There are 2 protein chains.
Amino acid sequence: MVHQNIKVAVDGVVFGYKDNILSVLLIKRDIPPFQEYWALPGGLVKEEESLEAAVERELKEETNVTIDYLEQLYSFGEVGRDPRNRVISITYFGLVKPEHYTIKADTDANDVQWFDIQELPALAFDHTTIIEAAKERLKNKLTYEPIGFDLLATKFLFSDLEKLYTTILEKKIDRRNFRKKILGFGILEELDEKVSEGRGRPANLFKFNKKQYFMLKEKGFLFDIK
Amino acid sequence: MVHQNIKVAVDGVVFGYKDNILSVLLIKRDIPPFQEYWALPGGLVKEEESLEAAVERELKEETNVTIDYLEQLYSFGEVGRDPRNRVISITYFGLVKPEHYTIKADTDANDVQWFDIQELPALAFDHTTIIEAAKERLKNKLTYEPIGFDLLATKFLFSDLEKLYTTILEKKIDRRNFRKKILGFGILEELDEKVSEGRGRPANLFKFNKKQYFMLKEKGFLFDIK
DNA sequence: GCAAAAGTGTTAAACCTACACCCATGA
DNA sequence: TCATGGGTGTAGGTTTAACACTTTTGC
């Protein structure tokens, strides 16, 4: 086999959602290149681990955040993307529920932060491009797979779901039509629990019924939201 | 930087379409491992070329087929997928118009062949899995982007388009509804040319108007076929 | 004139869109 | 009682789905 010296890395774009704000998990680099810049969590793949295992390990090591949804995003391999060596990065796309949103104490909190997607700092390497691609994937996927629930608490208000769609898709949604449509899918369970946020009429809690969704999917049901 | 010895390869799943048959371009391996097995065209990325350049080069070298559409598919990196070394493969998805379908004479025709997707031989490595993934991508993409035209001749019959959809999506299509819908998009040009296939009423030729499509897309038009 | 493929319209049902008022609560 | 957010229905327009006969040609 011919000589080839290209390094293989994985990077994860992990989204969280809280208070109507979509955020990305970043770490501050403590070594060159791009020292002191914020970057996506990630690192080199070990020779004996799968790509998924690698990204899961890096996310655990660098952020200690529990990831609720993970899938491969895209591979970036332009020649100059790392100033030192040729490094290709296989990137992953992750979602975190609010239950797991907080940065745990045993990583240095100064070096791991959630950043509002609207207010990203200058990033290392081509990580801005990667986040753009992940944002696109999130927007698209939200309309044809029920992944929004992986950004919401297990029990959530209907208004939470609506606000999530409004925020991420960046467009207004008609409350009545949205509710009719989603409830019509029959994949939500209305709980016998109400939550009063202090003002206004208390709202009902809902739960995503994953089993039911997969059953319907088997039968040809398509989750689809304009 | 830590020691890491992983090789980076690219592989291409190139589809062609002729006589109602969807085919994939394969090459016969002449070295171990999997000597004499059929495999996807591909090979190691050079240190100074981009991933796209690599796959384009390999396709040119190994098959000499002109590719009309190319996009990244997925990266495969399971530890044991290559019995020799750790090799991750960044795979690409390609389409070839009938104009470019034939295998050119300056590659050894015995070693490069189009295979009916329904009758694939045993393949090297995890290439069967990769082709499955590409087939899925093709099916999905056909419904939301006008890529079918990259599998048809520049001038085509409406019935060709219909048969292409029937073949790839593996389901019947109502001729009248399909025609109404596609023509309603306004992205086809009806030519003043008829073709007689020997029997039956001669049919009109059509052309995909790519410029028009992109103009409409700018304005929010969505290509969408159930 | 017959076999073969191309071309064409209508109707009912489903779905989408727009739109505004009452309800339950806390302060 | 007022401010706040939650919950609900209807009507018009658009889109989809189902369906079959006529046209043009070669033999």
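These numbers come from a predicted model, not from an experiment. Labels below follow one simple rule: chain letters A, B, ... track the order of the sequence lines, proteins then strands, and each chain is numbered from 1.
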Reference residue A:Thr91; test side chain to side chain contact (heavy atoms under 4.5 Å, CB included); the match among A:Ile131, A:Val10, A:Ile130: A:Ile130
For C:dG7, does OP1 or OP2 lie under 4.0 Å from any side-chain N or O of B:Arg179? yes
Do B:Val24 and B:Trp114 pass the side chain to side chain contact (heavy atoms under 4.5 Å, CB included) test, and can you show the C-alpha distance, the side-chain angles, and the key distance before you say yes or no? CA-CA 5 Å; B:Val24 185; B:Trp114 287 102; 5.7 Å; no
Rounded interatomic separation in angstrom, taking CD from B:Glu193 and P from C:dA6: 16 Å
Side-chain donor/acceptor of A:Arg199 to base of C:dT25, under 3.5 Å: no
Separation of A:Asn177 atom CG from D:dT8 atom P, in whole Å? 14 Å
On DNA chain D, check which nucleotide each of A:Glu197 and A:Asp174 is closest to and give me the residue with the more 5' one. A:Glu197
Distance check needed: C:dC16 P versus A:Lys226 NZ, whole Å only. 6 Å
May I ask you to evaluate whether B:Ser196 reaches the phosphate of D:dT25, defined as a side-chain N or O under 4.0 Å from OP1 or OP2? no
Taking 4.0 Å as the cut-off, does a side-chain nitrogen or oxygen of B:Ser159 come that near to OP1 or OP2 on C:dA5? no
Would you call the rings of A:Phe125 and A:His127 parallel, tilted or perpendicular, where under 30° means parallel and over 60° means perpendicular? tilted
DNA chain D: B:Gly198 or A:Lys163, which has the more 5' nearest nucleotide? A:Lys163
Separation of C:dC16 P from B:Asp224 CG (nearest whole Å): 12 Å
Tell me: CZ of A:Phe158 to C1' of D:dT8, nearest whole Å? 13 Å
Check if the side chain of B:Arg176 and the base of C:dG7 share a donor-acceptor pair of N or O atoms closer than 3.5 Å. no
Does a donor on one side chain sit under 3.5 Å from an acceptor on the other, for B:Asn177 and B:Lys181? no
Considering only side-chain heavy atoms of B:Lys181, which listed nucleotide, D:dT16, C:dG7, C:dC16, is closest? D:dT16
Taken to the nearest whole Å, CZ/A:Arg201 to C1'/C:dT25 is 9 Å
Side-chain N or O of B:Lys180 versus OP1/OP2 of C:dT8: is the shortest distance under 4.0 Å? no
How close or far is atom P of D:dT8 from atom CD of A:Glu162, stated in whole angstroms? 13 Å
Winner on side-chain proximity to A:Arg175, out of C:dG7, D:dT8, C:dA24, is D:dT8
Within the modelled atom types, does a donor on one side and an acceptor on the other bring the side chain of B:Asn204 and the base of C:dA6 under 3.5 Å apart? no
A:Glu62 and its side chain to side chain contact (heavy atoms under 4.5 Å, CB included) partner, picked from A:Ile27, A:Leu25, A:Leu40: A:Ile27
Rounded to whole angstrom units, what separation is found between the CZ atom of B:Phe206 and the P atom of C:dA6? 11 Å
